J.: 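Okay, here's the structure, questions in a sec.
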Amino acid sequence: MMDFSRYLKDYPDAEGRFGNYGGAYLPPELVPAFQDIAKAYWTVSQSSQFISELRRIQKEFQGRPTPVYHCERLSKKLGLGQIYLKREDLNHTGAHKLNHCIGEGLLAKFLGKKRVIAETGAGQHGVAMATAAAFFGLECTIYMGEVDIEKQAPNVARMKVLGAEVVPVTAGLKTLKEAVDAAFEDYLQNYRDTIYCIGSAVGPHPFPMIVRDFQRVVGVEAREQFLEMTGTLPDVVVACVGGGSNSIGMFEAFLGDPVEIVGVEPLGRGEQMGDHAASMRYGSEGVMHGFNSIMLKDPKGDPAPVYSIASGLDYPSVGPEHAFLRDIGRVQYDTVSDEEAVDAFFKLSRYEGIIPALESAHAVAYAMRRVKDMDHGSILVNLSGRGDKDLDYVIEHYGFGERYRDFPVRK
Ligand SMILES: *Cc1c(COP(=O)(O)O)cnc(C)c1O
């Protein structure tokens with residue numbers, strides 16, 4: 001196995017590359033803005049003042065560390081292996097996204113910027129960003145496609161109550177892609193007093209690195225907690241992969257360990273283009289949204305249409321570091337369908353009293369599949385968020401999960 005002791009120092013390199021992947025493919029007029037933030041990040045993030053302030057906020061405001069939890073009942077029903085969860089659903093606002101938004105907000109504060117901007121699709125990133133902005137007293141503008149605004153009324157309301165300005169984007173298909181373009185445009189005009197905060201470990205350098213660094217807390221905590229609870233390391237570490245932020249945060253701490261690491265992508269309704277968002281399985285190398293990675297392409301080579309029951313996973317590419325970790329053979333990527341995710345959603349709810357986000361339910365479903373074949377050992381799953389946001393949809397389409405009442409007990 002590759003020596004990972006210098007990994008964080010070596011990757012990404014000065015150009016933001018993880019092997020072939022990453023980089024910054026930008027219109028020339030945006031280059032200074034991104035160089036600006038990369039340079040500032042290097043200096044500020046190393047300072048002991050920044051690090052100790054971030055720790056204090058994580059503890060007092062976010063409620064970190066989040067616990068690691070042993071799913072005894074669920075494990076017992078499935079087999080002899082044990083499932084453990086890292087409870088990011090208990091992070092303030094109910095998901096991991098606040099980890100990097102708080103980091104980016106603190107960065108803005110340290111750099112003397114007075115405003116943050118972000119794009120959002122389903123609204124989860126927008127809510128986390130608006131929360132961080134309120135906490136730091138920063139102005140906050142969120143770009144959101146008009147179509148998404150109509151679909152995601154509760155999240156739009158949350159952002160507004162938190163004091164953010166939500167700007168409807170009316171260009172093109174009026175969804176996430178156009179919202180990204182609008183946010184870039186704003187950043188170009190205003191980068192002197194504004195920081196752009198991307199929603200996942202994607203985008204041009206330095207964003208994949210910044211988001212990864214701020215999400216690392218998840219894996220660092222989980223590794224230490226798991227060791228303390230069990231005296232050993234888990235055999236398998238699992239997380240769901242949309243853009244790849246909760247997963248990279250979880251994985252990083254285990255790269256140098258003799259631990260199998262698996263990222264789970266959404267297979268949605270099936271293998272046809274437009275029915276899934278499994279970039280690693282069906283995609284190929286290409287540049288989109290300013291970085292080189294593995295992406296799903298339509299016949300013309302443009303980003304393909306994607307779908308998943310979990311709106312946080314329907315992204316036609318994946319963070320560049322994941323593409324690299326797959327190429328060097330350190331992380332495996334597998335898929336879980338809508339149906340399996342819904343099954344896990346109900347089983348975790350009924351047998352552990354934890355309603356997971358549909359995104360996170362993909363990782364739980366994978367662990368449930370694997371644990372059936374294990375006669376010992378353990379799987380640690382990053383439960384990236386809670387499922388309250390998904391309840392209305394699930395109930396409408398699947399009822400209350402009545403058919404899980406007789407979930408058989410293994411003798
Ligand atoms: C947004 C989201 C995801 C997917 O994003 P990543 O960047 O891949 O982590 C996963 N789980 C939850 C709960 C989310 O809100």
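Worth saying up front: this structure is predicted, and the values here are computed from it rather than measured. One-based numbering along the sequence shown. Ligands are counted one by one from 1 in listed order, and the atoms in each one are counted from 1 as well.
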J.: Hey, is ligand 1 close enough to Ser384 that some N/O pair sits below 3.5 Å?
T.: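 Between Ser384 and ligand 1 (N or O atoms, distance only) the closest approach is under 3.5 Å.
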
J.: With ring centroids as reference points, do His276 and Tyr282 lie under 6.0 angstrom apart?
T.: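 Yes, they do, as the ring centres are separated by less than 6.0 Å.
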
J.: Does His96 come within less than 4.0 angstrom of ligand 1, counting non-hydrogen atoms of the residue?
T.: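 It does, in that a heavy atom of His96 comes within the 4.0 Å cut-off of ligand 1.
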
J.: If I compare all heavy atoms of Glu265 with all of Ala278, which pair ends up nearest, and what's the gap?
T.: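 Shortest heavy-atom contact: OE1-C, 3.3 Å.
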
J.: Counting heavy atoms only, which part of Glu88 comes closer than 4.0 Å to ligand 1: side chain, backbone, both or neither?
T.: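 Looking at Glu88 and ligand 1, no heavy atom falls under 4.0 Å.
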
J.: Got an N/O contact under 3.5 Å between Gly242 and ligand 1?
T.: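 N/O-N/O distance under 3.5 Å: yes.
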
J.: Which atoms of ligand 1 are found less than 4.0 Å from any heavy atom of Ala357?
T.: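 Answer, ordered by atom number: 13 (C).
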
J.: Mind checking whether Lys97 contacts ligand 1 via backbone (N, CA, C, O), side chain (CB onward), both or neither, at a 4.0 Å heavy-atom cut-off?
T.: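 The answer is the side chain.
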
J.: Please confirm whether Tyr11 and Phe324 have ring centers closer than 6.0 angstrom.
T.: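 Yes, close enough.
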
J.: Testing the 3.5 Å rule here: is there a donor-acceptor pair between the side chains of Asn382 and Ser384?
T.: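 Absent: no donor and acceptor within the cut-off.
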
J.: For Thr131 and Thr93, test the side chains for any donor-to-acceptor distance below 3.5 angstrom and give the result as yes or no.
T.: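 Absent: no donor and acceptor within the cut-off.
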
J.: Taking only heavy atoms of Ser200 into account, list the atoms of ligand 1 that are under 4.0 Å away from them.
T.: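 The atoms of ligand 1 under 4.0 Å from a heavy atom of Ser200 are 6 (P), 7 (O).
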
J.: For atom 10 (C) of ligand 1, which candidate among Gln215, Arg386, Glu359 provides the closest heavy atom?
T.: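 Minimum heavy-atom distance to atom 10 (C) of ligand 1 goes to Glu359.
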
J.: Among all protein heavy atoms in this structure, tell me which lies nearest to atom 5 (O) of ligand 1, with the distance rounded to 0.1 Å.
T.: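 Scanning the protein heavy atoms, the shortest distance from atom 5 (O) of ligand 1 goes to Gly312 O, 3.9 Å.
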
J.: Within ligand 1, which atoms have a heavy atom of Asn246 less than 4.0 Å away?
T.: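 Contacts of ligand 1 toward Asn246, numbered from 1: 6 (P), 9 (O), 10 (C).
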
J.: Report yes if Ala95 has an N/O atom closer than 3.5 Å to an N/O atom of ligand 1; otherwise report no.
T.: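 In this structure, Ala95 places no N or O atom under 3.5 Å from an N or O of ligand 1.
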
J.: Using the salt bridge (Lys or Arg N to Asp or Glu O under 4.0 Å) rule, take Glu88 and Arg64 through it: C-alpha gap first, then chi angles, then the decisive distance, then the call.
T.: CA-CA 9 Å; Glu88 287 305 289; Arg64 302 204 71 88; 2.8 Å; yes

J.: Here's a test for you: under side-chain contact (heavy atoms from CB on, under 4.5 Å), which of Val318, Ile294, Val331 qualifies with Arg326?
T.: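 Option passing the side-chain contact (heavy atoms from CB on, under 4.5 Å) with Arg326: Ile294.
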
J.: Ring-plane angle category for His289 and Tyr315, please: parallel below 30°, perpendicular beyond 60°, tilted otherwise.
T.: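 Ring orientation, 0 to 90° scale: tilted.
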
J.: Check Ser245 against ligand 1 and report side chain, backbone, both or neither, counting heavy atoms closer than 4.0 Å.
T.: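 The part of Ser245 near ligand 1 is both the backbone and the side chain.
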
J.: With nothing but distance in play, are any N or O atoms of Leu313 less than 3.5 Å from an N or O of ligand 1?
T.: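 It does not: no N or O of Leu313 is found under 3.5 Å from an N or O of ligand 1.
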
J.: For Cys240, take its heavy atoms, then give the atoms of ligand 1 lying under 4.0 Å from any of them.
T.: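 Ligand 1 atoms under the 4.0 Å threshold to Cys240: 10 (C).
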
J.: Looking at Gly244, which atoms of ligand 1 are within less than 4.0 Å of one of its heavy atoms?
T.: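 The list of qualifying atoms is 6 (P), 7 (O), 8 (O).
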
J.: Between Ser75 (side chain only) and Gln82 (backbone N and O only), is there a donor and an acceptor less than 3.5 Å apart?
T.: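 Between the backbone of Gln82 and the side chain of Ser75 there is no qualifying donor-acceptor contact (under 3.5 Å).
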
J.: Give the atom numbers and elements of ligand 1 that come within less than 4.0 Å of a heavy atom of Gly385.
T.: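 So the answer, numbered in order with elements, is 13 (C).
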
J.: Are Tyr366 and His362 near enough that their ring centres are under 6.0 Å apart?
T.: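 That pair fails the under 6.0 Å test.
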
